[in-house]
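Below is one structure, written out as structure tokens, with a few remarks after it.
Keep in mind the model is a prediction, meaning the values are calculated, not measured. Reckoned from all heavy atoms, side chains included, excluding hydrogens, waters and symmetry mates. Chain letters run A, B, ... following the sequence lines, proteins first and then strands; every chain starts at 1.
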Number of protein chains: 2
Amino acid sequence: MPFPETEIPGRLQALLAQRGIRMTDQRRAILSVIETANKHLDASQLLRKAQKLDPSVDRSTVYRTLGLLKRQGMIDELDLMHLNGEGHYYERKLGRDHIHMACLRCGKITEFVSERFESLKSQMEQECRFHILVARLEVGGYCTACRR
Amino acid sequence: MPFPETEIPGRLQALLAQRGIRMTDQRRAILSVIETANKHLDASQLLRKAQKLDPSVDRSTVYRTLGLLKRQGMIDELDLMHLNGEGHYYERKLGRDHIHMACLRCGKITEFVSERFESLKSQMEQECRFHILVARLEVGGYCTACRR
DNA sequence: ATCGTTGTTGCGACTGAGTTGCAACACGAA
DNA sequence: TTCGTGTTGCAACTCAGTCGCAACAACGAT
Ligand SMILES: [Mn+2]
Ligand SMILES: [Mn+2]
Ligand SMILES: [Zn+2]
Ligand SMILES: [Zn+2]
């Protein structure tokens with residue numbers, strides 16, 4: 001089963017500069033947290049980690065930066081079946097979309113890349129004449145370990 | 001392009017009775033609103049419509065009933081790309097899953113049923129050994145009318 | 001190197017979704 | 001009718017996310 005590729009560090013900062021977007025210490029801290037994260041982070045986790053790099057980072061700056069990155073198509077926003085509360089999760093958007101499977105018992109998140117997903121998106125674009133900018137497939141159920 | 005089937009009225013109430021779940025006037029009102037809705041409703045819209053049938057319905061009862069219906073697998077919870085605020089949307093769960101496409105410009109929601117989606121879910125269940133209980137595919141982009 | 005424009009920030013107050021504890025209530029089986 | 005237990009309205013609460021504003025800082029122009 002194929003998995004998504006990993007991140008080249010410093011890439012987000014370069015991309016923003018390339019698009020003429022102003023860089024600040026606070027943004028650098030937040031970008032660095034997103035790029036080095038080894039799991040899906042919500043806004044408050046992101047805030048705490050960013051404040052370790054730059055204590056001046058404020059909650060509102062985190063949300064404003066997430067908004068910027070979403071508009072630029074550099075991150076994806078996830079629900080992960082709202083396993084813990086109502087908040088959202090964020091992750092670096094890489095070349096290929098991937099699917100998220102959330103185990104409703106142990107909370108484990110599994111990622112999955114599939115050619116059939118790409119094929120389905122093509123079908124939607126053609127048959128519905130819809131121009132897809134963001135596609136989010138999230139699944140809830142039981143992982144291998146949790147189903148009896 | 002195939003569309004999802006429509007609802008048999010009174011079905012939700014019968015299903016709950018069948019499972020030995022207590023029925024109340026408030027629940028009847030909420031179920032009736034869900035079954036007769038012609039679009040995806042959020043919790044506050046659901047509350048207002050239910051109160052027209054039974055003015056005693058409270059906000060917390062709406063959320064408690066939505067929780068019950070989710071646990072019973074009778075409704076699906078949607079984000080619809082959070083087009084208006086942060087709230088969620090709800091709809092009766094029918095035999096076949098369908099995909100939601102949200103136009104980021106005009107807000108139009110398009111529904112779509114695809115055999116490729118079914119095929120993709122089968123692949124996930126087999127290759128990841130994951131038992132799927134709920135699958136949600138939501139797409140944001142531009143509809144036919146809105147893309148130039 | 002300095003300046004000035006303009007985008008960005010922290011702060012604090014705010015909104016709005018969703019939750020919870022509790023006492024009153026009502027469903028439905030006996 | 002009675003009774004146990006599930007459900008409700010209410011009000012107070014939590015928590016995510018937003019917003020207006022004055023201070024500030026990035027960075028291209030000078
Ligand atoms: Mn959501
Ligand atoms: Mn739908
Ligand atoms: Zn599990
Ligand atoms: Zn449109």
On DNA chain D, more 5' by nearest nucleotide between Ser44(A) and Asp58(A) is Ser44(A)
If I take atom CG in residue Leu47(B) and atom C1' in nucleotide dG9(D), what distance separates them, rounded to the nearest angstrom?
12 Å
Leu46(B) atom CG is separated from dA17(C) atom C1', nearest whole Å, by 14 Å
Of Val57(B) and Gly87(A), whose closest DNA chain D nucleotide lies nearer the 5' terminus?
Val57(B)
Presence of His82(B) side-chain N/O under 4.0 Å of dG17(D) phosphate oxygens OP1/OP2
no
For atom CG of Asp79(B) and atom P of dG17(D), their distance in whole Å:
11 Å
If you measure from the Lys or Arg side-chain nitrogens to the Asp or Glu carboxylate oxygens, is any gap between Glu115(A) and Arg96(A) under 4.0 Å?
yes
Nucleotides 22-29 of chain D: protein proximity per nucleotide (B base, S sugar-phosphate only, - neither; heavy atom, under 4.0 Å):
---BBS--
Which nucleotide in the list dT8(C), dG17(D), dT8(D) gets nearest to the side chain of Tyr63(A)?
dG17(D)
Arg27(A) side chain: which of dT9(C), dC10(D), dG17(D) is closest?
dT9(C)
Using whole Å, report how far CG of Leu16(B) lies from C1' of dC27(C).
14 Å
Using a strict threshold of under 4.0 Å (side-chain N to carboxylate O), is an ion pair present between Glu138(A) and Arg136(A)?
yes
May I have the distance from Lys70(A) (atom NZ) to dT18(D) (atom C1'), rounded to whole angstrom?
12 Å
Distance, rounded to the nearest Å, where Arg71(A) contributes CZ and dT8(C) contributes C1':
12 Å
Assess the side chains of His88(B) and Asp79(B): does a donor N or O sit below 3.5 Å from an acceptor N or O?
yes
If you assign Arg59(A) and Val62(A) each to the DNA chain C nucleotide with the nearest heavy atom, which residue ends up on the more 5' nucleotide?
Val62(A)
Nearest to side-chain heavy atoms of Arg64(B), which nucleotide of dA13(C), dT8(D), dC11(C):
dT8(D)
Let me know the distance between CG of Leu69(A) and P of dT8(C), rounded to the nearest Å.
12 Å
Could you check whether Glu77(A) pairs with Lys70(A) (Lys NZ or Arg NE/NH1/NH2 to Asp/Glu carboxylate O, under 4.0 Å)?
yes
Does a donor on one side chain sit under 3.5 Å from an acceptor on the other, for Thr24(B) and Arg28(B)?
no
Between Gln123(B) and Ser114(A): side-chain donor-acceptor atoms closer than 3.5 Å:
yes
Can you list everything that forms a ring pair (Phe, Tyr, Trp, His ring centres under 6.0 Å) with His40(B)? Sequence neighbours excluded, please.
His100(B)
